[in-house]
Amino acid sequence: MKDVLAIYPGSFDTVTNGHLDLIERGAKIFGRLIVSVLRNFDKQPLFTLDERVEMLREVSRPWPNVEIDVFGGLLVDYARLREANVILRGIRAVSDYEYELQMAMMNRKLNPNLETVFMMPALSYSYLSSRLVREIARLGGPIAGLVPAAVEERLRAKDLT
Ligand code: ADP
């Protein structure tokens with residue numbers, strides 16, 4: 001699939017080793033991978049959009065075919081703009097499936113030519129979520145091994161109270 005351009009969209013509000021696992025898998029399979037951070041005005045994020053972009057740039061440095069971007073609005077519109085043919089999403093457990101299926105089907109309805117591809121992370125990351133990592137960090141628990149070292153440093157520097 002070396003001629004395929006894929007988009008990996010998400011909030012990435014604390015980049016985890018699970019995200020990184022998926023970036024690595026995606027970078028190996030697809031010719032190009034755009035990791036794109038959703039600009040979501042409703043949520044009160046822990047990391048600003050710029051911080052999330054910086055974090056993703058730092059951790060994806062080993063893969064030259066990975067680009068970091070930001071998007072807003074409909075994913076199908078953004079995919080058309082970037083001329084991407086695939087959306088990459090991660091599935092950790094059955095609990096992810098229902099929501100992801102709904103999104104994939106709706107995106108297919110909006111653009112039948114856009115395929116959603118799901119990948120599973122290594123088993124050791126299958127319980128990992130940004131929300132849990134934020135929670136553990138806020139409560140002063142150990143986050144080593146859950147997030148890349150650069151992200152761990154940023155989490156420590158944040159006032160989480
Ligand atoms: P969103 O708000 O779009 O779910 P996230 O940053 O939480 O944004 O997740 C982005 C994508 O990464 C989703 O497809 C999600 O399933 C996937 N993902 C998140 N954590 C993991 C993980 N530990 N392993 C594999 N995929 C993951």
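Both ligands and their constituent atoms are indexed starting at 1 by order of listing.
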Less than 4.5 Å apart, side chain to side chain, heavy atoms only: is that true for Arg154 and Glu58?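 A side-chain contact exists here, since the closest heavy-atom pair is under 4.5 Å.
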
With a 4.5 Å limit on heavy-atom distance, are the side chains of Arg80 and Asn111 in contact?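 Yes, their side chains come closer than 4.5 Å.
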
With a 4.0 Å cut-off on heavy atoms, is [X] in contact with ligand 1?
| X | value |
| --- | --- |
| Tyr8 | yes |
| Leu22 | yes |
| Pro9 | yes |

If you measure every N/O of [X] against every N/O of ligand 1, is any gap under 3.5 Å?
| X | result |
| --- | --- |
| Arg89 | yes |
| Ser129 | no |
| Asp13 | no |

Quick one: do Glu135 and Arg131 make a salt bridge, cutoff under 4.0 Å?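 The answer is no: the pair does not qualify as a salt bridge.
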
If you measure from CG on Leu20 to CE on Met55, what distance do you get to the nearest 0.5 Å?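 Nearest 0.5 Å value for the CG-CE distance: 12.5 Å.
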
Using the side chain to side chain contact (heavy atoms under 4.5 Å, CB included) rule, pick out the option among Ile34, Ile7, Leu56, Leu33 that qualifies with Glu67.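 It is Ile34; the other options fail the test.
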
Ile23 and its side chain to side chain contact (heavy atoms under 4.5 Å, CB included) partner, picked from Ile68, Leu88, Val66, Val15: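 For Ile23, the side chain to side chain contact (heavy atoms under 4.5 Å, CB included) check succeeds only for Val66.
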
Taking 4.0 angstrom as the limit and counting only heavy atoms of [X], give me the atoms of ligand 1 inside it, by number and element.
| X | result |
| --- | --- |
| Gly10 | 3 (O), 8 (O), 10 (C) |
| Pro121 | 24 (N), 25 (C) |
| Phe12 | 6 (O) |
| Glu100 | 14 (O), 16 (O) |

Between Tyr78 and Ser36, is there a side-chain donor-acceptor contact under 3.5 Å, judged purely by atom types and distance?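 Side chains of Ser36 and Tyr78: pair found under 3.5 Å.
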
How far is [atom] from its nearest protein heavy atom, and which residue and atom is that?
| atom | answer |
| --- | --- |
| atom 8 (O) of ligand 1 | Ser11 N, 3.0 Å |
| atom 7 (O) of ligand 1 | His19 NE2, 4.3 Å |
| atom 15 (C) of ligand 1 | Gly90 O, 3.9 Å |

Report the part of Arg92 (side chain from C-beta onward, or backbone N, CA, C, O) that has a heavy atom under 4.0 Å from ligand 1; answer both or neither where that applies.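 Arg92 to ligand 1: side-chain contact only, backbone stays beyond 4.0 Å.
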
Pick one: which of Arg57, Arg82, Arg32, Arg52 meets salt bridge (charged side-chain N to carboxylate O under 4.0 Å, His left out) with Asp69?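 The residue from Arg57, Arg82, Arg32, Arg52 that satisfies salt bridge (charged side-chain N to carboxylate O under 4.0 Å, His left out) with Asp69 turns out to be Arg82.
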
Can you name the closest pair of heavy atoms from Thr14 and Val151 and give their distance?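 The pair with the smallest heavy-atom distance is CG2-CG1, 4.1 Å.
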
